[in-house]
2 protein chains.
Amino acid sequence: MNLRAPVTLLDVAQRAGVSVATASRVLNGGDRVPRPELQERVRAAADALGYTPNAQAQALAKSSTNVVGILVHDIEDPYFAAIANGVMRAADERNLLVMLASTFRDAEREIAYLASLRAQRARAAVMIGSRRTDAESLARTASEVGSFLNSGAGLALVSQSGMPAHTIEPDNRAGAAELARSLAGLGWRKFGILGGPEALATARDRRDGFLAGLADSGLEPVAVEYGDFTRDGGYAAAEELLDRGADVDCLFAVNDVMAVGAMSALRARGIDVPGRLGVAGFDDIATLRDVWPGLTTVRLPLEQMGRRALELAIEGGEPSVETFKAEVVLRESTARA
Amino acid sequence: MNLRAPVTLLDVAQRAGVSVATASRVLNGGDRVPRPELQERVRAAADALGYTPNAQAQALAKSSTNVVGILVHDIEDPYFAAIANGVMRAADERNLLVMLASTFRDAEREIAYLASLRAQRARAAVMIGSRRTDAESLARTASEVGSFLNSGAGLALVSQSGMPAHTIEPDNRAGAAELARSLAGLGWRKFGILGGPEALATARDRRDGFLAGLADSGLEPVAVEYGDFTRDGGYAAAEELLDRGADVDCLFAVNDVMAVGAMSALRARGIDVPGRLGVAGFDDIATLRDVWPGLTTVRLPLEQMGRRALELAIEGGEPSVETFKAEVVLRESTARA
DNA sequence: CGCGTTTCGGGATGGGCTTTCCGATAAGGT
DNA sequence: ACCTTATCGGAAAGCCCATCCCGAAACGCG
């Protein structure tokens, strides 16, 4: 109502005829609660004046905030969006404010952002996304992670290990292995694998798990092709593999978006799925539930993982590792005639 | 390195043998720059100690922050993710930190969150998503918006009007009208419309635009069915419409996710698209690029819109309205045999 | 060589709030 | 009725930093 008048606690206190101490006690409901009558007066004054506490000042005074950070590679990627959503829901329940940043897969940005969070005295942070195994940036990240934890803030990582912080790990190997066995059980035999960047642990684990699952069934892949961890990466890898004339009957892409890209590549060439080629992915992204044929995949409880990550990050304590089970979901894209 | 030692600017100053004033001047590069030698010393001291400025204190001291807020209905919805992404990129370029919240379509949450941003003394905020026309919550939101602006922060709205703030408005009516004419041009005649909640301006505008476009072609819709603005809403509305036995040959859903839901409903009933029924959506969500048949839709420059929203929000100034043109994209889902 | 002027470092203040510590008052005990 | 305890409000000391302002030193010029 009043133009640009920063109402302070002092204003409220004066209007209510009490000291700032009392006003503060009333409004933040802290340790000691003043007499009801005073509470009344203070509260009345507060909203008569339209008082809004200055969160910065509060944070400074009690040297702690209610801000938590989330780092994702790319918020447009539904995989990250799903996990971030879980984190945000959990944060909302705890009345925490969320700072979110897309690192655009840039390690420098990631580090810089973590530093910003430290500067903000964030209470905790959740880092989502597969760690690249580039030794140098790994070391620098580890260092910043160290500083972050040292500052007293909590930290949890999703899908990345090797850092001295809480870790949420989807069971990529087991899930992929299970998928391989399921597909073999359906009768598929000649597998092509569309792998992600070798530097991404997640991509590697899923590939390795799949290989292990195939081995369990006495099989080995006909071809392996690598591409970006994205839709376009999947598209390109599938084309590449086809161009090489690989004799495959089923494709496994290490994540859903790649799988969907691959399906588009196949469609562009008039290759029927699953008639001539089966396709499977990993993650069970909700947004892709409606692609046709329905994508066989491995379901991860993404939102759950996000929730849990926040919990762990806030709790603090000794670094722990929690593994989330993955579950094979068979759909039309690998149905046998 | 040192455990839990909050190193302050004073520490740095002392170690460097200068005053805090000097240290501050060196480290934030402000107006006056101290002599090179001192700069050297200060900087050395700073990173020897692993100094991180306390953003809260800085904010308090200069009473301004580098935090901006984003409010979306649901970050998992790729529509919001795309716009938010644009905002975040623009923020990143300006070295601004982003606080993001999903309101889960709850007006109360939205208001509360806006208040939090105010408490944080956020420099600006971007609200994304269609305003509901419920008079009461509208009024309360307007009030909070007023307070927010009054606090000196900038604000921009995407896809919502009626607030005294900068507004980014996709040209829903024109786009939908154009789509209707295009579809009519292709030979479709008996249209069914899958509308969103009547309270959502965006949904209404698109429906009305489509109606207008049809009228231009001397047509009117055979049936109109309403559902949630979500995938499931589209699915349900399509089923409903079909159950009513409406004699349609083409479905227009007021957004892509609804359209995709509708396509799934059709598929479940063995209705061929576009053989027996054409389907069109709105937004041109990137993640849905790979659904098959490719979805005819109206493209919105979502990332652009997000970017621009942030710019406007930061610039401040008199409320303005910017309209972004929408562009019809014809794909296989409405191809005529 | 003296004066005015500019440059530059430091002391001190303030920004808004929380919290410790004190003193005062009311309640309780004998 | 007096002393002990608990109760409760207020004054003030921070929290960490930016910045205003002052004084001193360096510089320029006549």
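Proteins come first, then strands; the chains are lettered A, B, ... in the order of their sequence lines, and each starts at number 1. Excluded from the calculations below are hydrogen atoms, water molecules and symmetry mates; all remaining heavy atoms, backbone and side chain alike, are included.
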Check your understanding: Got Leu312(A) and Glu315(A) here, is their nearest side-chain heavy-atom distance under 4.5 Å?
Key ->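 In short, these two side chains touch, coming nearer than 4.5 Å.
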
Practice item. Please tell me if the side chains of Ile70(A) and Val72(A) come closer than 4.5 Å, counting only heavy atoms from C-beta onward. Key: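 Heavy-atom side-chain distance check passes, below 4.5 Å.
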
Atom pair distance, as rounded to whole Å: [atom1] in [X] and [atom2] in [N]:
{"X": "Asn54(B)", "N": "dG14(D)", "atom1": "CG", "atom2": "P", "value": "18 Å"}
{"X": "Leu60(A)", "N": "dG14(D)", "atom1": "CG", "atom2": "P", "value": "14 Å"}
{"X": "Leu49(B)", "N": "dC16(D)", "atom1": "CG", "atom2": "P", "value": "14 Å"}
{"X": "Glu37(A)", "N": "dT7(D)", "atom1": "CD", "atom2": "P", "value": "19 Å"}
{"X": "Leu10(B)", "N": "dA12(C)", "atom1": "CG", "atom2": "C1'", "value": "14 Å"}
{"X": "Arg121(B)", "N": "dC17(D)", "atom1": "CZ", "atom2": "P", "value": "20 Å"}
{"X": "Leu27(B)", "N": "dT19(D)", "atom1": "CG", "atom2": "P", "value": "13 Å"}

Check your understanding: Is a side-chain donor-acceptor pair under 3.5 Å present for Arg109(A) with Thr103(A)?
Key ->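 No, no side-chain donor-acceptor contact under 3.5 Å.
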
Review point. For residues Arg123(B) and Thr65(B), is any side-chain donor paired with an opposing acceptor at under 3.5 Å?
Key: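 No donor-acceptor contact under 3.5 Å links the two side chains.
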
Side chain of [X] only, please: which of [options] is the nearest?
{"X": "Ala21(A)", "options": "dA12(C), dG16(C), dG10(D)", "answer": "dG10(D)"}
{"X": "Leu38(A)", "options": "dC17(C), dG9(D), dT19(D)", "answer": "dG9(D)"}
{"X": "Thr8(A)", "options": "dG15(C), dA11(D), dC17(C)", "answer": "dC17(C)"}

Check your understanding: Which part of the nucleic acid, if any, lies within contact of Leu9(B), taking any heavy atom under 4.0 Å across all strands shown: a base, the sugar-phosphate backbone alone, or nothing?
Key ->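 Sugar-phosphate contact only.
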
**Study point:** Nucleic acid contacts - residues 61-68 of chain A versus DNA chain C, non-hydrogen atoms under 4.0 Å
**Key:**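 Listed by number, they are Ala61(A), Lys62(A).
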
Check your understanding: Mapping Thr22(B) and Gln56(B) onto DNA chain C by nearest heavy atom, which one lands closer to the 5' end?
Key ->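 Looking at the nearest nucleotide for each, Thr22(B) comes out on the 5' side.
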
Review point. What about Arg25(B), does its side chain sit under 3.5 Å from the base of dG10(C) through a donor-acceptor pair?
Key: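 Flag set: donor-acceptor pair detected.
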
Tell me whether the side-chain N/O atoms of [X] come closer than 4.0 Å to OP1 or OP2 in [N].
{"X": "Gln58(B)", "N": "dA18(D)", "result": "yes"}
{"X": "Asn28(A)", "N": "dT18(C)", "result": "yes"}
{"X": "Ser24(B)", "N": "dA18(D)", "result": "yes"}
{"X": "Ser19(B)", "N": "dG10(C)", "result": "yes"}

Review point. In terms of side-chain geometry, is the basic nitrogen of Arg307(B) or Glu311(B) positioned less than 4.0 Å from the acidic oxygen of its partner?
Key: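 No, this pair does not count.
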
When the side chains of residues 152-159 of chain A are checked against the rest of the protein, which donor-acceptor pairs come out under 3.5 Å, sequence neighbours left out?
| unit_1 | atom_1 | unit_2 | atom_2 | d |
| --- | --- | --- | --- | --- |
| Ser159(A) | OG | Tyr79(A) | OH | 3.3 |

Practice item. Could you list all the salt bridge (charged side-chain N to carboxylate O under 4.0 Å, His left out) pairs where at least one residue sits in residues 37-53 of chain A, not counting sequence neighbours? Key: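 Sorted pair list: Arg35(A)-Glu37(A), Glu37(A)-Arg41(A).
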
